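Note that these values count all heavy atoms, side chains included, but never hydrogens, waters or copies made by symmetry. Protein chains get the first letters and strands the later ones, always in sequence-line order, with residue 1 at the start of each. All values reported here derive from a predicted model rather than from experimental measurement.
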Amino acid sequence: MSSADTLKNQLILIFQKMFGHFGPLNWWPGDSPLEVMLGAILTQNTAWSNVEKALASLSQKTGLDPEKIRQLSDVELAACIRSSGYFNQKAKKLRVFLTYFHDRYGDSIEAMKEQPLERLRDELLSLHGIGPETADSILLYALDKLIFVVDAYTRRILARHGLMHHTADYHAMQDLFQQNIPPDISLYNEYHALIVNTGKDFCRTKPLCDSCPLRTLLPPGGPCMP
DNA sequence: GACCAGGCACATC
DNA sequence: GATGTGCATGGT
């Protein structure tokens, strides 16, 4: 078996172990594509539980109507999303994104979906406050585009399993998946969701590592964190 | 009371 | 181009 086949098998095995533990997760936890996009911005370096409160507050105030959100003052918008942290910065980011959403696509998700992936990705990355992970989360989870999302947990898991050095850049890690697992939107969706859940439940506190679904794939005795 | 969370932009060297 | 720092709340 070639090393490329071994890599493919390892990535599929990692998926199967996580899937066996959690089952299908059917991400993203959002009711609408717009909510997913706003959540992608709000969850930057922030626990999802805090984002949920912010989205609930924003929904209460605006019904998540993009025009109503844009009409909020900076102070009102920041107050709504306070619980998600970095609220002044994120208020600005939301406004930048929603202005783009209106000016470029007339607030239409469908119009956005019609665009090719690469063009959308370039547009998103050009916006203040949207980097690679946020752009790819929006593309995959809100717009059903075929792109693999890399995050801090992905980095840890790849490094810990010796599949890539923890200093490897975002694109290298993304390529590792996109070139070695089947190109399937549902698979990309589940794989990233499973990585995040595994990371949340088993990487935060070291004693829990013993029950991690990926534990059996690791050399015995070593730490879970890189 | 530390430490961390589903990043990103910007300054500095 | 690599590395450091500010942003800020809420849970463990």
Side-chain angles (χ1 to χ4, degrees), chain A residues 14-15 18 22 25-30 33 35-58 74-100 121-143 145 147-160 165-174 177 188-209 211-212 214 223-226:
Chain A
I14 287 172
F15 177 82
M18 296 190 298
F22 290 103
L25 297 173
N26 299 311
W27 264 26
W28 183 289
E35 185 175 340
V36 172
M37 298 197 283
L38 301 178
I41 292 171
L42 293 175
T43 198
Q44 290 172 3
N45 206 35
T46 300
W48 183 253
S49 57
N50 292 344
V51 176
E52 284 183 317
K53 293 171 191 164
L55 283 172
S57 171
L58 194 57
D74 289 344
V75 172
E76 288 172 321
L77 182 52
C80 270
I81 61 170
R82 187 176 192 280
S83 66
S84 70
Y86 309 108
F87 49 81
N88 288 317
Q89 287 208 358
K90 286 178 179 174
K92 181 179 175 186
K93 293 176 182 183
L94 290 184
R95 193 177 299 286
V96 166
F97 173 76
L98 287 168
T99 300
Y100 153 80
R121 191 169 195 272
D122 288 344
E123 286 179 4
L124 290 169
L125 289 176
S126 76
L127 301 179
H128 173 93
I130 296 191
E133 185 186 337
T134 308
D136 292 342
S137 294
I138 289 172
L139 290 166
L140 176 64
Y141 290 104
L143 301 174
K145 299 292 183 181
I147 193 150
F148 198 92
V149 180
V150 172
D151 65 354
Y153 293 130
T154 314
R155 186 172 298 277
R156 285 181 200 169
I157 287 175
L158 289 182
R160 181 62 187 94
H165 195 263
H166 74 277
T167 57
D169 69 19
Y170 184 94
H171 189 248
M173 297 204 174
Q174 185 172 54
F177 285 96
Y188 284 17
N189 178 321
E190 280 297 332
Y191 208 134
H192 175 246
L194 287 165
I195 285 175
V196 173
N197 266 36
T198 302
K200 278 200 293 200
D201 286 0
F202 300 105
C203 291
R204 284 184 186 173
T205 51
K206 291 191 176 181
L208 284 177
C209 285
S211 54
C212 174
L214 300 180
C224 197
M225 302 284 277

Please give, in whole Å, the distance from [N] [atom2] to [X] [atom1]?
X        : N      : atom1 : atom2 : answer
A/His166 : C/dT3  : NE2   : P     : 10 Å
A/Arg82  : C/dT9  : CZ    : P     : 5 Å
A/Phe87  : C/dG10 : CZ    : C1'   : 13 Å
A/Glu52  : B/dA5  : CD    : P     : 18 Å

Q. With sequence neighbours excluded, what pairs up with A/Asp169 under the side chain to side chain contact (heavy atoms under 4.5 Å, CB included) test?
A. A/His171, A/Ala172
Q) What residues, two or more places apart in sequence or in another chain, satisfy ring pair (Phe, Tyr, Trp, His ring centres under 6.0 Å) together with A/Tyr153? A) none
Q: Tell me, please, which residues at least two apart from A/Phe87 pass ring pair (Phe, Tyr, Trp, His ring centres under 6.0 Å).
A: none
Q: Quick one: which residue pairs count as a salt bridge (charged side-chain N to carboxylate O under 4.0 Å, His left out) with a foot in residues 188-198 of chain A, not counting sequence neighbours?
A: none
Q) If you look only at pairs with a residue in residues 85-100 of chain A, which of them pass as a salt bridge (charged side-chain N to carboxylate O under 4.0 Å, His left out), with sequence neighbours excluded? A) A/Asp74-A/Arg95
Q: Write down the distance separating the P atoms in B/dC4 and C/dT5, rounded off to the nearest Å.
A: 16 Å
Q: Return the orientation label for the A/Phe148 and A/Phe177 ring planes: parallel under 30°, perpendicular over 60°, tilted otherwise.
A: parallel
Q) Taking for each residue the nucleotide of DNA chain C bearing the nearest heavy atom, is the 5' side occupied by A/Asn88 or by A/Ser49? A) A/Asn88
Q. OP1, OP2 of C/dG11 versus side-chain N and O of A/Lys53: anything below 4.0 Å?
A. yes
(Q) Tell me whether the side-chain N/O atoms of A/Asn50 come closer than 4.0 Å to OP1 or OP2 in C/dG11. (A) no
Q: Could you run through nucleotides 7-13 of chain B and give me one letter per nucleotide, 5' to 3': B if any protein heavy atom sits under 4.0 Å from the base, S if only the sugar-phosphate is that close, - if neither?
A: BSSS---
